[in-house]
Amino acid sequence: MKKIQMVDLQSQYQQIKETVDTSIQEVLNSSAYINGPLVKEFQKDLEDYLDVKHVIPCANGTDALQIAMMGLGLKQGDEVITADFTFAATVEVIALLKLTPVLVDVEADTFNIDIEALKKAITPKTKAIVPVHLFGQVANMDAVLEIAAAHNLFVIEDNAQAIGADYTFKDGSQKKAGTIGNVGTTSFFPSKNLGCYGDGGAIFTNDDDLAHTIRGIVNHGMYERYYHDVVGVNSRLDSVQAAVLKAKLPKLDSYCDARRNAACFYNKAFANNPNIIIPTVKSNKTENCNSICDVCDCHVYHQYTLQITNGKRDELHKHLLAEDIPNAIYYPVALHSQKAYQDERYNEEDFPVTNSLIKTVISLPMHTELDEEQLTFITETIINFLN
Ligand SMILES: *Cc1c(COP(=O)(O)O)cnc(C)c1O
């Protein structure tokens, strides 16, 4: 059996080596390392794929969030609501910009921002909501947009984990994740669903004025060379990374399918296990989306995350490592409990779901190259251990 990896970037590279190498060689031949033609070409390809007017590439997904918030003109003291159960980058940039992060609990089934908790957290100072499409599933955007419209709030989608996912609205219309709010952001970190071979990120918007503002911010606040109209940053996607991404973007849909196939295998194996809760997929599209193997385009399985309900999560984690099955706890600590983000306004009673998830979740190997032999070994090892 091929050694199991949490994310198998090497096997994936071997499948696309020729295209990627040719694309990188193009950059080397041109010496246009920064803002070369491939950056523009990838930008255009991604705009077409996402059906969004503007993609602004930048250096990483954390910068993308920061720049989006700067572009919207958020000011010190403005409250920004986001989920308690996610990677720290989201709350980090809110705090760095001296905005006030307001963390709210998530839904027990999808792990995405809880709509009732979100409503309760709104105050006259609230200016923006940052739904995170966690583990590859789009948050309840019908409800988020409704609340944002009612309270005149910006919506910034943190789409670092769900690029390629489709969201179906209640009325049946569809949009790509990251193109639904005022602005969306993503990361091209190597292990993300569309990863480059270094750092990279991008910002998406259909708003022409905001796109213009953001294009200046990523380039030191310059709209005309050496005229600095606003305080900006230096955040670029380099041409070598754009070359990798341009070569990989045409594969993204098949990569999403490969991930869903692996998820389907896992779901079938674990569906009736009394100690395991498999991921819940919620969609307006079709009732089929709740069954274990139908293709639900609202979930692209950045992570495949189980809940272990018999209290043996930590033992399982160690047992799998001993069996050479990589696995991870995303996330072991609620953001509201992190030293850097403590706030006396938070009450433990307000985070029952996150406080429980941090003790039960475990993420299994998930990537585009998992084979049946590996999946069988992983699922059998887990089921035998929990029996
Ligand atoms: C990865 C990630 C980020 C940050 O992206 P970087 O490119 O590593 O800066 C932000 N938010 C979420 C939800 C992520 O998963």
Side-chain angles (χ1 to χ4, degrees), residues 5-50 52 54-68 71 87 89 93 158-164 176 178 184-205 211 214-222 225 232-256 258-259 300 302 367-369:
Q5 313 273 354
M6 194 69 185
V7 179
D8 193 346
L9 295 175
Q10 186 54 236
S11 301
Q12 190 190 60
Y13 169 63
Q14 291 307 327
Q15 303 286 327
I16 53 172
K17 184 175 180 337
E18 250 183 69
T19 341
V20 170
D21 290 3
T22 309
S23 194
I24 293 176
Q25 190 63 48
E26 207 180 305
V27 178
L28 301 181
N29 293 346
S30 74
S31 308
Y33 298 117
I34 299 288
N35 283 334
L38 272 156
V39 178
K40 269 264 161 340
E41 286 170 34
F42 168 64
Q43 176 190 319
K44 181 76 183 56
D45 290 353
L46 189 56
E47 284 167 354
D48 291 344
Y49 174 83
L50 293 171
V52 69
H54 305 280
V55 166
I56 302 111
C58 65
N60 57 68
T62 309
D63 274 9
L65 282 162
Q66 176 178 334
I67 293 158
F87 182 58
V93 301
D158 182 344
N159 194 34
Q161 301 190 359
I163 194 155
K176 286 277 181 204
T185 65
T186 202
S187 163
F188 303 123
F189 186 80
S191 65
K192 298 284 157 91
N193 289 27
L194 178 62
C196 57
Y197 297 161
D199 273 309
I203 303 150
F204 321 133
T205 185
I214 286 174
R215 287 211 174 87
I217 290 173
V218 298
N219 189 25
H220 302 289
M222 287 193 287
R225 203 146 194 204
V233 294
N234 170 22
S235 188
R236 294 183 282 242
L237 179 72
D238 71 67
S239 305
V240 170
Q241 302 311 331
V244 173
L245 290 164
K246 184 177 157 61
K248 285 181 76 174
L249 180 59
K251 309 284 288 181
L252 180 57
D253 282 341
S254 67
Y255 286 165
C256 293
R259 288 172 176 276
V300 292
H302 175 61
H367 54 80
T368 57
E369 313 301 318

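Atom set for the values below is all heavy atoms of this structure, side chains included, hydrogens, waters and symmetry mates excluded.
Counting heavy atoms from C-beta on, the side chains of Leu245 and Leu237 come closer than 4.5 Å. Here the side chains of Leu46 and Phe204 are in contact, with some heavy-atom distance below 4.5 Å. Residues Asn193 and Arg259 have side chains in contact (heavy-atom distance under 4.5 Å, counting atoms from C-beta outward). The shortest side-chain heavy-atom distance between Lys251 and Ser254 falls under the 4.5 Å cut-off. Side-chain atoms of Lys176 and Val52, non-hydrogen and from C-beta on, never get closer than 4.5 Å to each other. Looking only at side-chain heavy atoms (C-beta outward), Ile24 and Val244 come within less than 4.5 Å of each other. Using a 4.5 Å heavy-atom threshold, the side chains of Asp253 and Tyr49 count as touching.
Contact detail for Cys58 and Ala202: the closest heavy-atom pair is SG-N, 3.8 Å. The minimum heavy-atom distance between Cys196 and Gly200, with the atom names listed, is SG-N, 3.9 Å. Contact detail for Ile214 and Ala68: the closest heavy-atom pair is CD1-CA, 4.4 Å. The heavy-atom pair separating Val300 from Ala162 by the smallest distance is CG2-CA, 3.7 Å. Between Leu9 and Pro190, the closest heavy-atom pair is CD2-O, 3.4 Å. Of all heavy-atom pairs spanning Pro57 and Gln43, the tightest one is CD-OE1, 3.8 Å.
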Take Gln5 and Gln10, measure what side-chain contact (heavy atoms from CB on, under 4.5 Å) needs, and give me the verdict at the end. CA-CA 10 Å; Gln5 313 273 354; Gln10 186 54 236; over 6 Å; no

I'd like to know whether Asp238 forms a side-chain contact (heavy atoms from CB on, under 4.5 Å) with Ile34, so could you lay out the CA-CA distance, the side-chain angles of the two residues, the decisive distance to 0.1 Å, and finally the verdict. CA-CA 5 Å; Asp238 71 67; Ile34 299 288; 4.3 Å; yes

Between Tyr197 and Val20, is a side-chain contact (heavy atoms from CB on, under 4.5 Å) present by the stated rule, with each step listed? CA-CA 10 Å; Tyr197 297 161; Val20 170; 3.8 Å; yes

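Between the side chains of Asn29 and Gln25, a donor-acceptor pair is found at a separation under 3.5 Å. For the 3.5 Å distance criterion, the side chains of Gln12 and Lys248 qualify, holding a donor opposite an acceptor.
In this structure a side-chain-to-backbone donor-acceptor pair under 3.5 Å is missing from Ser235 to Asp63. Judged by distance alone, the side chain of Thr22 and the main-chain N or O of Glu18 form a donor-acceptor pair under 3.5 Å. Within the 3.5 Å criterion, the main-chain N or O of Ala211 finds no donor-acceptor partner in the side chain of Thr205.
Applying the 6.0 Å contact sphere to CD of Gln14 captures more than 12 heavy atoms from other residues, nucleotides or ligands.
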